[in-house]
Amino acid sequence: MIRWGLTLRKNNPINKIEHHYDKIIQSCNTLQILTQIHSILTTTGIIKQSVHLTARIIIKYSNFLHLQTARHVFDSTDHDTSSFLWNTMLRAYANSGFSSDALEFYSLMRKADFTPNNYTFPFVLKSCAASLLITHGKLVHSEVLRTGFGSDVYVEAALVDMYAGCGIIDDARKVFDKMSKRDVVCWTAMITAYEQAERAETALCLLDQMQQEGFVMDWVATVTVASAVGQLGDAKRGRAVHGYAVRNGLLYEVPVVNSVLAMYAKCGEVEFADMIFERAEERNVITWNSMLTCYVQNGLASEALDLFERMKTSDVNLNQVTVLIVVSACSYLGSRQQAAKIHDFIVQNKIDINQTLRNAIMDMYAKCADLDTALKMFKEIPVNQLDVSAWNTLIAGYGMHGYGKHALNVFNQMKDENFQPNHITFTSVLSACSHSGLVNEGKKCFAEMEIFSVAKEPKHYACMVDMYGRAGLLNEAYELIKDMKSHANDEVWGALLLACKIHGNTNLAEVAADNLFHLEPQHTGYYVLMSNIYADSRNWQEVGNLRRDMKNKGLRKPAAVSLIEVNNELYGFRTGEHMDSFTRNVYQKVERVVVELKMEGYVPDLSCVFHDVEDEDKHGMLNYHGEKLALAFGLMNVDAGLPIFINKNLRVCSDCHSVFKLVSRVYGRKIVVRDVNRFHHFEDGLCSCNDYW
DNA sequence: GGGACTATAC
């Protein structure tokens with residue numbers, strides 16, 4: 001049943017027509033149809049007689065983001081007699097994201113001697129929050145109190161939203177606590193405020209309170225709760241939310257589908273997310289984007305690219321967010337061919353490239369070993385669009401390829417041009433120094449943070465520990481961690497643990513590992529690293545203990561995968577993969593290469609096999625590392641003059657590193673390897689990392 | 001005549 005507005009009275013002839021057109025306007029889904037209806041209403045003079053239809057038209061134009069037309073409709077009415085139309089126009093601005101226009105319009109309202117009412121304030125407050133104008137918002141708050149609308153539920157809920165939106169969550173809570181009457185919307189507004197402030201636990205506590213007071217979660221509340229649970233990454237609670245949505249038939253609302261999907265994605269439950277996606281009755285662009293994000297966040301970049309292909313053939317209109325996610329998927333995958341393809345798609349489809357997207361594309365090129373294109377893009381940025389993140393992306397790009405000096409030059413140039421470095425700039429610079437062994441320069445940059453008033457975060461300390469650690473300055477690294485007192489997190493201790501692995505310091509490694517197992521008991525990588533350190537020192541007993549420990553905790557070592565692109569096709573190789581007809585000749589090729597390299601002086605580094613087995617078996621395992629298989633495959637299939645690109649999901653082992661160096665000399669091939677931390681460019685028997693990785 | 005909500009990241 002449709003509820004009609006107060007302006008309608010039964011038995012009045014105009015109201016039958018109003019009724020009729022109201023239905024049509026509500027259901028019209030294209031701008032063309034709306035324009036046609038509008039012109040009919042104008043020529044017949046109906047619109048002049050109906051404030052209700054005028055308002056509908058204004059709102060509908062604003063839904064299509066045609067605010068100018070909406071305003072034109074407003075201007076051509078007798079609005080001075082109708083507070084309703086003024087409020088409608090304000091609402092049109094506020095609800096379509098034109099918050100500064102809304103505020104401008106509000107001051108016009110005041111100049112026209114309009115008295116704001118309970119319909120006016122919520123939209124003004126919403127626009128204050130959207131423009132982050134807290135001073136203005138507080139002024140409106142006092143106006144609310146003065147005009148006596150301080151206890152209107154709608155206005156109060158908007159006040160809660162305004163304070164929360166401006167980041168002053170405590171004031172939002174004060175308004176909320178003072179409310180004499182609350183409905184689900186107010187509760188949801190307050191719960192959302194906590195969720196947005198990344199205080200998911202508090203949000204869920206408040207939800208409990210809401211339910212104790214007898215309120216039932218509606219679909220909007222469910223959306224918020226799902227994202228709070230997603231924030232916690234709590235799969236068990238996730239299933240409870242999902243169950244609630246199913247029992248109450250809420251999965252028929254697309255936003256609920258989307259938020260439950262995103263929740264499972266953040267809990268690492270890809271299969272559940274997949275199921276929600278496939279079973280959805282209806283999908284919008286956010287549904288698709290959420291599923292893409294799910295794959296990317298869970299390390300399934302190539303699945304994301306497949307889904308993107310499927311999305312292109314669906315009837316949904318993809319947007320800028322879509323390509324941003326796909327670009328990041330491609331960054332993970334490191335596929336040069338896909339990178340070019342996506343960039344081309346963006347240009348062909350005239351998708352607006354804003355600063356965020358451009359930086360993401362530059363980063364993608366850098367991560368696909370195409371630093372030249374990234375640099376070219378940077379140089380083409382118009383001066384007025386150059387921002388800190390563009391500089392950051394370039395610095396990070398140079399850093400990951402081991403060009404520390406270049407990174408520092410860019411950093412200096414950026415400062416010369418009066419750009420204010422931020423926390424990300426320093427992360428990029430410090431990590432660049434770390435990868436290139438520029439200890440003194442790194443120390444200088446670290447000290448410089450204070451000059452630019454950038455707070456030192458754990459991630460900056462982690463870069464420093466990494467830098468000292470790789471350079472063999474383990475004591476300096478450890479002292480720095482001690483300086484942090486209790487603020488050291490897993491990143492910092494992880495960097496120390498890696499340094500201990502490189503320099504074979506088992507004692508310090510045990511200290512780092514103790515902290516890590518305490519801080520992140522479920523993080524597989526740290527167990528593997530520590531067990532490798534024990535293996536290096538042939539302490540098989542401890543290796544066994546750790547393995548058992550992992551097994552008891554249900555942790556499994558992630559499979560090492562090496563990807564190589566040949567003729568626009570990606571091939572993956574796993575360490576110790578079973579031989580089949582496809583891989584047999586690849587294995588044979590590895591054997592031949594190893595024999596030839598041995599004649600050039602190659603001595604296999606058996607310490608890279610972390611199993612307590614006979615040396616003969618170790619040779620086999622070592623030769624069948626995924627990156628060696630990928631390299632052999634590349635030697636067989638990539639044209640002689642072209643570089644071989646390999647992408648590995650873990651850190652490259654030192655035996656493979658020596659093999660790659662030798663192959664680059666003996667076979668005269670350029671090889672580019674991306675591992676989990678950085679790039680290695682092999683040429684003429686040398687690596688760009690100077691064996692420092 | 002109205003309000004609360006989901007996908008983005010160097």
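Computed from a prediction, not measured in an experiment: that's the story for all the values here. We use all heavy atoms of the structure for the numbers below, so side chains are in, but hydrogens, waters and symmetry mates are not. Chain naming here is simple, since letters A, B, ... match the order of the sequence lines and numbering starts at 1 in each.
- Residue F277(A) contributes atom CZ, which lies 20 Å from atom P of dT6(B) at whole-angstrom precision.
- At a threshold of 4.0 angstrom between heavy atoms, the contacts of V153(A) include nucleobase atoms, whether or not backbone atoms are also involved.
- Using a 4.0 Å heavy-atom distance criterion, T224(A) is classed as a sugar-phosphate-only contact.
- Annotation: cation-pi geometry satisfied between R182(A) and F176(A) (NZ/CZ under 6.0 angstrom from ring centroid, within 45° of ring axis).
- Using a 4.0 Å heavy-atom distance criterion, N87(A) is classed as a base contact.
- Residue S83(A) is classed as a base contact, given a heavy-atom separation below 4.0 Å to a base.
- Taking the six-membered ring where tryptophan is involved, the planes of H406(A) and Y398(A) are tilted, since the angle between them lies from 30° to 60°.
- Applying the 5.5 angstrom centroid cut-off and the 30 degree plane-angle cut-off, the aromatic ring of F123(A) is not stacked upon the base of dG2(B).
- In this structure, of dG2(B), dC5(B), dT8(B), it is dC5(B) that holds the atom nearest to the side chain of V223(A).
- When heavy atoms are screened at a 4.0 angstrom cut-off, W219(A) is found touching base atoms of the nucleic acid.
- Residue D161(A) is in sugar-phosphate contact alone, with no base atom involved, counting any heavy-atom pair closer than 4.0 Å across all strands shown.
- Between the P atom of dC10(B) and the CG atom of N392(A) lies a distance of 11 Å, rounded to the nearest Å.
- Closest to the P122(A) side chain, of the nucleotides dT6(B), dC10(B), dG2(B), is dG2(B).
- Rounded to whole Å, the distance from NZ on K367(A) to C1' on dC10(B) is 7 Å.
- What separates CD of Q385(A) from P of dC10(B) is a distance of 20 Å, to the nearest Å.
- What separates CG of L85(A) from C1' of dG2(B) is a distance of 15 Å, to the nearest Å.
- The distance from atom CZ of R173(A) to atom P of dA4(B) is 20 Å, rounded to the nearest whole Å.
- The side chain of D218(A) lies closest to dA4(B), out of dC5(B), dA4(B), dA9(B).
- Among the nucleotides dG3(B), dG2(B), dC5(B), the one closest to any side-chain atom of N118(A) is dG2(B).
- Closest contact between the side chain of Y154(A) and the listed nucleotides dA7(B), dG2(B), dA4(B) involves dG2(B).
- Relative to the six-membered ring of F345(A), K312(A) meets both conditions, a distance below 6.0 Å and an angle of at most 45° to the axis.
- At a threshold of 4.0 angstrom between heavy atoms, the contacts of N95(A) are confined to the sugar-phosphate backbone, with no base atom among them.
- Atom pair N258(A):CG and dC5(B):C1' shows a separation of 10 Å (rounding to whole Å applied).
- The side chain of S227(A) has dT6(B) as its nearest neighbour among dT6(B), dT8(B), dG2(B).
- The side chain of F84(A) lies closest to dG1(B), out of dA7(B), dG1(B), dT6(B).
- Between F74(A) and F105(A), a ring centre-to-centre spacing shorter than 6.0 Å is recorded.
- At a cut-off of 3.5 angstrom, the base of dG3(B) holds at least one donor-acceptor pair with the side chain of D183(A).
- For dG2(B), the OP1/OP2 oxygens have no side-chain nitrogen or oxygen of K126(A) closer than 4.0 Å.
- Residue A396(A) is in sugar-phosphate contact alone, with no base atom involved, counting any heavy-atom pair closer than 4.0 Å across all strands shown.
- Side-chain nitrogen and oxygen atoms of Q355(A) include none within less than 4.0 Å of the OP1 or OP2 phosphate oxygen of dA9(B).
- Dashed line: the shortest gap from a side-chain N or O of N117(A) to OP1 or OP2 of dG2(B) is not under 4.0 Å.
- No hydrogens or angles considered: nothing links the side chains of E195(A) and T224(A) as a donor-acceptor pair under 3.5 Å.
- By the 30° and 60° cut-offs, the orientation of the rings of Y264(A) relative to H242(A) is perpendicular.
- Two rings, from W391(A) and F378(A), have their centers less than 6.0 Å apart.
- For dA7(B), the base is not stacked against the aromatic ring of W288(A), per a cut-off of 5.5 Å between centres and 30° between planes.
- Atom P of nucleotide dT6(B) and atom NE2 of H242(A) are separated by 19 Å, given to the nearest angstrom.
- The phosphate of dT6(B) has OP1 or OP2 within less than 4.0 Å of a side-chain N or O from Q196(A).
- Using a 4.0 Å heavy-atom cutoff across all strands shown, T192(A) reaches sugar-phosphate atoms only and no base atom.
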